[in-house]
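To start, the structure itself, in structure tokens.
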Amino acid sequence: MSTYKQSGQDEILYAQLRDMMQRAERGIWSCSHFLSPREAHLARCFAERAGQDSVCVVEGGYAEAERVKLFILPEFMNEPEYIAPILEQKISLLRLRGGGFCTLTHRDYLGALLALGIERHVLGDLVVLDERQAFLFCDSDIAPYICAELTRVGKDGIKVEQLPWGTPIELPERYKSVSDTVASARFDCIAAALTGLSREKAQMLIRAGESTVDYEICDRCDKVIEPPCVISLRGYGKFRIDDVSTQTKKGRLRLHARKYV
């Protein structure tokens with residue numbers, strides 16, 4: 001049995017989503033703050049269950065963004081000419097460039113942003129490109145403040161430039177492909193394949209509550225994993241499970257996954 005329990009923060013999120021749904025019914029669009037990966041998963045599930053006559057769009061500025069905004073629009077706005085301007089209005093892309101005097105990390109950039117009094121929920125993904133440059137997706141309302149006030153990161157001076165929405169950008173590879181075969185789609189079998197542990201040790205990890213499936217703690221070794229989903233195993237990383245269905249000649253299943261790097 002899973003040890004996951006719905007938190008008070010989840011209730012607040014669901015209340016916000018219900019309000020957004022009601023606004024869409026009145027012909028008004030709305031959007032959330034930047035959601036964490038777990039919040040985004042809960043929001044998607046909520047929207048699917050609601051099944052109302054509204055349009056739900058999840059956007060973080062680029063494909064496979066982790067931190068995203070949820071937009072809920074009236075059904076009549078389900079056209080690119082409506083959606084594109086709204087996305088541009090609510091999400092901005094900033095390029096952060098250091099002077100090259102020291103190596104800047106994700107922690108350095110995020111620490112400098114939070115030190116300005118900026119709350120995490122107005123910031124989307126922060127993608128470090130190399131030792132002196134990063135891209136930041138943020139709420140458009142806070143973008144001018146960041147451009148004006150973020151002048152140092154760590155011990156290095158920094159320049160911030162706002163890029164036009166839709167600017168083509170090249171992002172570093174975020175995944176490492178993982179392939180293996182497993183006896184079944186049980187959680188313990190897949191966890192053992194992903195970590196290189198024996199099945200018994202993988203079971204100990206799961207039963208200790210050290211693992212999540214789609215951002216919810218799962219301590220059930222016999223849970224059947226249904227792709228696509230995201231699995232986290234403490235101490236071993238986070239994985240996106242793409243497929244575990246094709247059978248080999250020996251009756252095993254081919255596991256195709258990607259590890260976040």
side-chain contact (heavy atoms from CB on, under 4.5 Å) evaluation trace for Leu194 with Tyr236: CA-CA 8 Å; Leu194 295 175; Tyr236 296 91; over 6 Å; no

Residue pair Tyr260, Phe239: steps toward the ring pair (Phe, Tyr, Trp, His ring centres under 6.0 Å) verdict: CA-CA 6 Å; Tyr260 287 77; Phe239 305 83; 8.5 Å; no

Check against side-chain contact (heavy atoms from CB on, under 4.5 Å), Leu42 and Glu216: CA-CA 10 Å; Leu42 294 177; Glu216 294 184 9; 3.6 Å; yes

side-chain contact (heavy atoms from CB on, under 4.5 Å) between Ile241 and Leu255, intermediate numbers included: CA-CA 8 Å; Ile241 310 302; Leu255 170 64; 4.1 Å; yes

Check against side-chain contact (heavy atoms from CB on, under 4.5 Å), Arg199 and Gln203: CA-CA 6 Å; Arg199 188 168 172 182; Gln203 289 175 344; 3.9 Å; yes

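Asp141 approaches Pro144 most closely through the heavy-atom pair O-CD, 3.7 Å. Summarising the geometry of Gly237 relative to Lys259, their closest heavy-atom pair is CA-CE, 4.4 Å, with the distance given to 0.1 Å. Considering all non-hydrogen atoms of both residues, Ile72 and Cys56 come closest at CG1-SG, 4.1 Å. Among all heavy-atom pairs drawn from Arg44 and Val68, the shortest one is NH2-CG2, 4.4 Å. The heavy-atom pair separating Pro80 from Pro85 by the smallest distance is O-CD, 3.9 Å. In terms of heavy-atom proximity, Ala65 sits nearest to Gly60 at CB-CA, 3.8 Å.
Cluster annotation: Phe76 and Ile28 are assigned to distinct hydrophobic clusters (Ile/Leu/Val/Met/Phe/Trp/Tyr, side-chain heavy-atom contacts under 4.5 Å, transitive). The hydrophobic cluster containing Leu197 does not contain Met204, counting ILVMFWY residues as joined when their side-chain heavy atoms lie under 4.5 angstrom apart, directly or transitively. Under the 4.5 Å side-chain heavy-atom criterion for Ile, Leu, Val, Met, Phe, Trp and Tyr, Val230 and Val182 are members of distinct hydrophobic clusters. Tyr175 and Tyr215 fall within a single hydrophobic cluster, where Ile, Leu, Val, Met, Phe, Trp and Tyr side chains are chained together by heavy-atom contacts under 4.5 Å.
Within the model, atoms OG1 of Thr103 and CG of Asp130 stand 9.5 Å from one another, a figure rounded to the nearest 0.5 Å. Annotation: the span from Ser30 atom OG to Met21 atom CE amounts to 9.5 Å, rounded to 0.5 Å. A distance of 7.0 Å separates CG of Asp214 from SG of Cys45, quoted to the nearest 0.5 Å. With values rounded to the nearest 0.5 angstrom, Ile231 atom CD1 is found 12.5 Å from Lys238 atom NZ. Note: His121 NE2 to Ser36 OG = 12.5 Å, rounded to the nearest 0.5 Å. A distance of 8.0 Å separates OG1 of Thr212 from CD1 of Ile217, quoted to the nearest 0.5 Å.
The backbone N or O of Thr246 sits nowhere less than 3.5 Å from a side-chain atom of Arg254 that would complete a donor-acceptor pair. Put simply, the side chain of Ser211 gets close to the backbone of Cys218: a donor and an acceptor are under 3.5 Å apart. Under the 3.5 Å distance criterion, the side-chain polar atoms of Arg174 are matched with a main-chain donor or acceptor of Glu64. Side chain of Ser32 to backbone of Leu70: a donor-acceptor contact under 3.5 angstrom is found. Side-chain atoms of Asp242 never come within 3.5 Å of backbone atoms of Ala257 as a donor-acceptor pair (strictly under, hydrogens ignored). Arg252 places a side-chain N or O within 3.5 Å of a backbone atom of Thr181 that can act as its donor or acceptor partner. Asp108 places a side-chain N or O within donor-acceptor distance of the main-chain N or O of Thr105, the cut-off being under 3.5 Å. The closest donor-acceptor contact from the side chain of Ser140 to the backbone of Gln89 lies under 3.5 Å. A side-chain donor-acceptor contact under 3.5 Å links Asp125 to the backbone of Glu66.
When hydrophobic side chains of Ile, Leu, Val, Met, Phe, Trp and Tyr are connected at separations under 4.5 Å, Val122 ends up clustered with Leu94, Leu96, Leu104, Tyr109, Leu110, Leu113, Leu114, Leu116, Ile118, Leu123, Leu126, Val128, Leu136, Ile142, Tyr145, Ile146, Leu150, Val153, Ile158, Val160.
Under the salt bridge (Lys or Arg N to Asp or Glu O under 4.0 Å) criterion, Glu81 pairs with no residue, sequence neighbours left out. Residues meeting the side-chain hydrogen bond (donor to acceptor under 3.5 Å, both in side chains) test with Gln133, sequence neighbours left out: Arg97.
A cation-pi geometry, defined here as NZ or CZ lying under 6.0 Å from the six-membered ring centre and within 45° of its normal, does not hold between Lys223 and Phe187.
You'll find the side chain of Met77 reaches within 4.5 Å of the side chain of Ile86, heavy atoms only. Using a 4.5 Å heavy-atom cutoff, the side chains of Gln9 and Glu39 are not in contact. At least one side-chain heavy atom of Ile91 sits under 4.5 Å from a side-chain heavy atom of Phe34. Taking 4.5 Å as the limit, some side-chain heavy atom of Asp139 sits within range of a side-chain heavy atom of Lys69. In this structure the side chain of Leu129 reaches within 4.5 angstrom of the side chain of Leu171, judged on heavy atoms. Residues Arg26 and Gln22 meet the side-chain proximity criterion, which asks for heavy atoms closer than 4.5 Å. Between Glu173 and Val261 the shortest side-chain heavy-atom distance does not fall below 4.5 Å. No side-chain heavy atom of Asp180 sits under 4.5 Å from any side-chain heavy atom of Ile190.
Atom CD of Glu149 has more than 12 heavy atoms from other residues, nucleotides or ligands within 6.0 Å. Within a 6.0 Å radius of OH in Tyr62, other residues, nucleotides and ligands contribute more than 12 heavy atoms.
Of the charged side-chain nitrogens involved, none lies within less than 4.0 Å of a carboxylate oxygen, so that Arg207 and Asp188 do not count as a salt-bridged pair. Taking a cutoff of 4.0 Å between a charged side-chain nitrogen and a carboxylate oxygen, Asp156 and Arg132 do not qualify as a salt bridge. A salt bridge does not link Lys90 to Glu59: none of the charged side-chain nitrogens sits closer than 4.0 Å to a carboxylate oxygen.
Between Phe46 and the options Leu13, Leu17, Asp10, a side chain to side chain contact (heavy atoms under 4.5 Å, CB included) holds for only Leu17.
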